[in-house]
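Structure first, commentary second.
In what follows, chains are A, B, ... by sequence order, proteins preceding strands, each numbered from 1. Predicted, not measured: the structure shown is a model, and the values here were computed from it.
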There are 2 protein chains.
Amino acid sequence: MITSRNSGSDASPEPDAVWPLSGATEPGPPTAVPSVVGVADLRATNAAAVLAVVRSADPHPRLSELARATSLSRPTVEAITEELADSGLIEAAPTPSARGQRSPGRPARRFRFRPHAGFVVGVDVRPRSVTACLADLDSEPVAVERRAVRADLSGPARAQAVTSAIQATLDLAEVSASQVWAATLGTPGLVDRGNTRVRQADNLRTWTEVDIVGVLRDLLGCPVAVENDANLAALGEQWRGAGGTAPDPSTGEMVFVLLGERLGSGVITGGRLLRGHHGAAGEIGFIHFSGDGRRDRPGLDPLPADTIRAAAAADPDAVAAIEVYGRRLADGLAPVLLALDPALVVLGTGLFPDPAGLPAAEILRTAAQHHADGLLVDPPRWQLSALGDDAVLTGAVRFALSSVEVVLRTRPTSLNT
Amino acid sequence: MITSRNSGSDASPEPDAVWPLSGATEPGPPTAVPSVVGVADLRATNAAAVLAVVRSADPHPRLSELARATSLSRPTVEAITEELADSGLIEAAPTPSARGQRSPGRPARRFRFRPHAGFVVGVDVRPRSVTACLADLDSEPVAVERRAVRADLSGPARAQAVTSAIQATLDLAEVSASQVWAATLGTPGLVDRGNTRVRQADNLRTWTEVDIVGVLRDLLGCPVAVENDANLAALGEQWRGAGGTAPDPSTGEMVFVLLGERLGSGVITGGRLLRGHHGAAGEIGFIHFSGDGRRDRPGLDPLPADTIRAAAAADPDAVAAIEVYGRRLADGLAPVLLALDPALVVLGTGLFPDPAGLPAAEILRTAAQHHADGLLVDPPRWQLSALGDDAVLTGAVRFALSSVEVVLRTRPTSLNT
DNA sequence: CCGATTATGAAACGCAACTGCTTTATTAAA
DNA sequence: TTTAATAAAGCAGTTGCGTTTCATAATCGG
């Protein structure tokens with residue numbers, strides 16, 4: 001095992017002061033004194049590079065391929081693969097036995113990533129439901145558990161529902177809490193900047209009084225974070241490339257709009273979530289939308305369910321109503337889009353639960369995009385959510401995973417406990 | 001000299017694939033394969049750490065202090081200081097001869113940063129003027145040169161004014177072009193994402209047709225970037241802590257509003273400039289402000305100069321007009337502020353050139369802040385620009401400097417050409 | 001002038017990575 | 001079945017950086 005000079009407390013909810021390996025191109029935040037490195041950190045860094053190649057290469061790579069891809073020497077990658085195998089993060093893969101594909105010479109060992117070396121938990125808390133998802137290191141769900149709850153459930157009872165749902169996923173997948181490396185909980189309302197507390201959630205009674213992060217940390221013994229649901233949904237869409245399976249670079253500059261009971265949004269710029277000073281970025285529900293029924297109050301009333309259904313059935317009045325709604329949305333969003341210059345706006349279909357509503361959502365999207373095109377300098381693309389109802393849950397898993405991956409990128413071999 | 005395995009082309013305008021040492025806390029952008037490191041990179045990184053301490057320590061540090069501050073061993077920092085001294089980035093400092101402060105024992109060598117080891121150039125291009133600033137590595141100006149030009153000047157002639165102003169600063173300071181490490185030019189209008197071209201600048205004739213980056217690179221032989229003026233002003237304000245000399249953490253989440261002929265803004269989130277997908281982030285000049293004279297066209301007409309003067313003289317009508325203007329501004333900005341959740345809004349006083357206008361600016365600020373407070377969830381502080389007319393120029397210097405500091409943070413010793 | 005104190009210098013060690021060579025396992029041809 | 005070709009795996013030996021440890025040099029207070 002490698003111990004790093006920079007090793008902070010690994011149980012901290014924020015993986016702080018680690019070394020991002022990705023290249024930030026332009027002016028970054030002003031830094032304090034940069035960290036120093038010792039020889040031991042080399043191993044950790046290079047192990048991360050090897051691990052990344054093993055994860056992405058297809059078919060399973062051989063040592064020589066790893067050496068070429070990382071530009072490390074073969075003896076070095078060999079030593080690294082041994083360490084990674086010891087830590088359980090990779091394992092030997094069977095050599096492909098297809099007759100024609102085999103090359104002459106001594107057959108090479110091949111390596112593959114072990115996604116089940118660890119797990120993460122994502123939770124989606126809504127007024128009427130609590131859903132927990134246990135996912136492996138490839139963010140593949142291994143167990144999902146949903147609890148229907150009453151909207152007026154008290155905070156502690158809701159927390160109880162969360163822990164019980166999580167515990168159920170663990171039991172279902174026969175995974176112990178110690179195998180969980182991180183957890184993230186998505187919630188409506190505002191979250192503090194450190195992702196440790198729910199600051200405000202007007203439709204969830206006494207929910208802010210619960211120290212849900214503490215509860216989950218006691219349950220799982222790993223870093224836990226809370227985050228706004230729209231923000232997580234944005235992350236989820238980013239992961240899925242917002243529509244395709246292929247990663248889409250335009251998701252690095254994206255605005256996700258969650259059309260729920262209250263309007264919310266998640267903003268991604270430079271590939272990362274925009275959180276703001278108080279963690280309240282994206283709270284577009286308080287915008288004064290023009291022409292909305294409630295003239296004096298901010299916000300945009302949600303579309304009635306029957307209008308959506310009627311529009312899906314091509315009722316002209318309902319279609320017109322949705323088009324008006326889309327234009328209002330675009331109108332209110334225009335200043336935000338001007339300020340952010342996103343490549344993409346993704347409309348979360350939380351408001352259009354079943355597939356029947358999809359045609360209506362498409363009408364809304366078209367109307368909004370068309371109207372926005374006339375208002376903006378560099379109009380973004382508008383898309384419907386690719387994940388639908390699962391966006392928040394997926395995003396929670398991604399959030400948890402990304403905090404783990406920061407560590408994987410720096411000292412993966414120190415994780416084998 | 002140290003050669004790094006990761007050495008890219010140092011003359012590239014974007015310092016790509018270098019190692020940011022600052023800790024990015026939460027989910028970062030999805031990365032390709034991380035870079036690997038060799039032993040040589042250790043030296044570069046640790047040298048950067050030592051350099052940073054030398055720059056920030058006061059009084060000039062001794063070897064043992066450097067060792068303590070960096071947690072490196074004394075022999076290591078000694079070797080590093082030698083290299084840094086060879087490269088010209090630091091030098092021996094005289095020992096303080098004050099009788100009382102001297103400690104017993106052999107007197108220690110002390111080291112200090114040499115800001116004149118290199119220089120950067122910042123340029124502020126406006127319709128009626130071109131200003132160049134030559135600054136040292138502490139971003140201290142060593143020469144400033146201003147050229148008044150006609151607003152309808154052609155692009156090539158304007159470029160000529162730029163090069164001539166830059167050359168004048170070099171001559172004035174007796175600095176050769178080879179000593180300039182980076183240059184940044186601020187301009188109105190839109191800039192492409194790579195900071196290499198001016199995409200759009202409706203009030204500058206044929207300015208977009210000039211390859212100003214190429215021209216300056218030929219002149220200076222160093223990385224050159226162009227950036228929107230409001231964005232640079234935001235960087236400048238961030239550097240000055242937006243009002244104080246002390247660095248202010250709240251500038252990491254800041255919106256700078258440039259009240260010029262056209263409204264522009266620069267947004268800083270997470271300590272870095274928000275650029276957007278097309279580099280057009282912050283273009284709030286196209287927002288439809290309510291109640292403006294031109295109902296059908298977007299934007300907000302600038303305040304007439306005589307109104308400003310009258311308000312400064314406490315004329316009630318003028319004061320009221322400015323208050324209305326401030327409220328309109330806050331109204332139009334509210335969606336942006338909701339989406340970004342900044343800690344701070346800085347009003348650029350480009351519209352209020354002389355000190356006489358300051359009282360009027362203060363009226364505007366107060367009215368805007370008061371009105372915004374009622375519209376937002378987490379209202380930001382509102383401040384007047386601390387740099388005034390120099391904001392863009394200062395920001396250009398900072399932008400250029402930050403791109404060289406990225407290098408200084410990674411392989412400072414490879415710079416001694 | 002002497003001891004206390006602090007900085008500097010030099011040698012030896014550990015660790016990670018690299019180069020170059022030998023050995024091993026396999027396929028294809030004789 | 002043997003043999004040559006080929007590619008992987010194993011095994012020193014070297015280099016570079018950082019660290020520890022010990023010895024030496026310079027200065028101050030008495």
Can you tell me the distance, in whole Å, between the [atom1] atom of [X] and the [atom2] atom of [N]?
{"X": "B:Leu42", "N": "C:dA16", "atom1": "CG", "atom2": "C1'", "result": "9 Å"}
{"X": "A:Ile80", "N": "C:dC15", "atom1": "CD1", "atom2": "P", "result": "16 Å"}
{"X": "B:Leu66", "N": "D:dG18", "atom1": "CG", "atom2": "P", "result": "14 Å"}
{"X": "A:Asp41", "N": "C:dA16", "atom1": "CG", "atom2": "P", "result": "10 Å"}
{"X": "A:Glu78", "N": "C:dA16", "atom1": "CD", "atom2": "C1'", "result": "15 Å"}
{"X": "B:Glu83", "N": "D:dG16", "atom1": "CD", "atom2": "P", "result": "12 Å"}
{"X": "B:Arg62", "N": "D:dT27", "atom1": "CZ", "atom2": "P", "result": "14 Å"}
{"X": "A:Leu72", "N": "C:dA16", "atom1": "CG", "atom2": "C1'", "result": "11 Å"}

Looking at every strand, decide which applies to B:Arg109 at a 4.0 Å heavy-atom threshold: base, sugar-phosphate, or nothing.
sugar-phosphate
[X] side chain to [Y] backbone, donor-acceptor under 3.5 Å:
{"X": "B:Thr76", "Y": "B:Leu72", "answer": "no"}
{"X": "B:Asp41", "Y": "B:Gly38", "answer": "yes"}
{"X": "A:Glu65", "Y": "A:Arg62", "answer": "yes"}

Does a nitrogen or oxygen in the side chain of [X] sit under 4.0 Å from OP1 or OP2 of [N]?
{"X": "B:Thr76", "N": "D:dT19", "answer": "yes"}
{"X": "B:Asn46", "N": "D:dG18", "answer": "yes"}
{"X": "A:Ser64", "N": "D:dA8", "answer": "yes"}
{"X": "A:Arg43", "N": "C:dC15", "answer": "no"}

Measure from the side-chain heavy atoms of [X] and tell me the nearest of [options].
{"X": "A:Arg74", "options": "D:dA9, D:dC17, C:dA17", "result": "D:dA9"}
{"X": "B:Ser73", "options": "D:dT19, D:dA26, C:dC18", "result": "D:dT19"}
{"X": "B:Pro75", "options": "D:dA8, C:dA17, D:dT19", "result": "D:dT19"}

Going by an N to O cut-off under 4.0 Å, is there a salt bridge joining A:Arg109 and A:Glu91?
no
Residues A:Arg114, A:Asp136: salt bridge by 4.0 Å N-O rule
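The answer is no: the pair does not qualify as a salt bridge.
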Looking only at N and O atoms, is any donor in the side chain of A:Arg106 or the base of D:dG10 less than 3.5 Å from an acceptor on the other one?
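Under the 3.5 Å cut-off, the side chain and the base do not form any donor-acceptor pair.
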